[in-house]
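These numbers come from the heavy atoms of this one structure, side chains and all, not from hydrogens, waters or symmetry mates. What you are looking at is a predicted structure, and each value in this text was computed from that prediction instead of being measured.
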Amino acid sequence: MSTVTQMKCACESCLCVVSLSDAVMKDDKPYCGEACANGHPSGQGCGHTGCGCHA
């Protein structure tokens, strides 16, 4: 049996895959950063190259 170590960011529009050891956890869901975890309050994206999430 193997252990999951990475998951897609829980933000719906985000394309990032995040290491569970580095993820920002909110409501037991992994996010790639504070912007995604907080629902993009200022409309900014996560800032990772190639990802255009913002909502």
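- One distance of note links SG of Cys32 with NZ of Lys8; it measures 9.0 Å at 0.5 Å rounding.
- Put simply, CG on Leu15 and OG on Ser13 are 8.0 Å apart, with the number rounded to the nearest 0.5 Å.
- A heavy-atom distance below 4.5 Å is not found between the side chains of Cys11 and Cys46.
- Remark: Cys36 SG to His54 NE2 distance equals 11.5 Å, nearest 0.5 Å.
- Considering every non-hydrogen atom in both Val4 and Leu20, the closest pair reads O-CD1, 3.6 Å.
- Between Tyr31 and Cys9, the shortest heavy-atom contact is CA-SG, 3.7 Å.
- The nearest pair of heavy atoms linking Gln6 to Ser19 is CG-CA, 3.9 Å.
- Residues Ala37 and Lys26 come closest through the heavy atom pair O-CD, 3.0 Å.
- Summarising the geometry of Met25 relative to Pro30, their closest heavy-atom pair is SD-CA, 3.6 Å, with the distance given to 0.1 Å.
- For the atom pair SG (Cys16) and CE (Met7), the distance works out to 14.0 Å, reported to the nearest 0.5 Å.
- With hydrogens and angles disregarded, no donor-acceptor distance shorter than 3.5 Å links the side chain of Lys29 to the backbone of Ala10.
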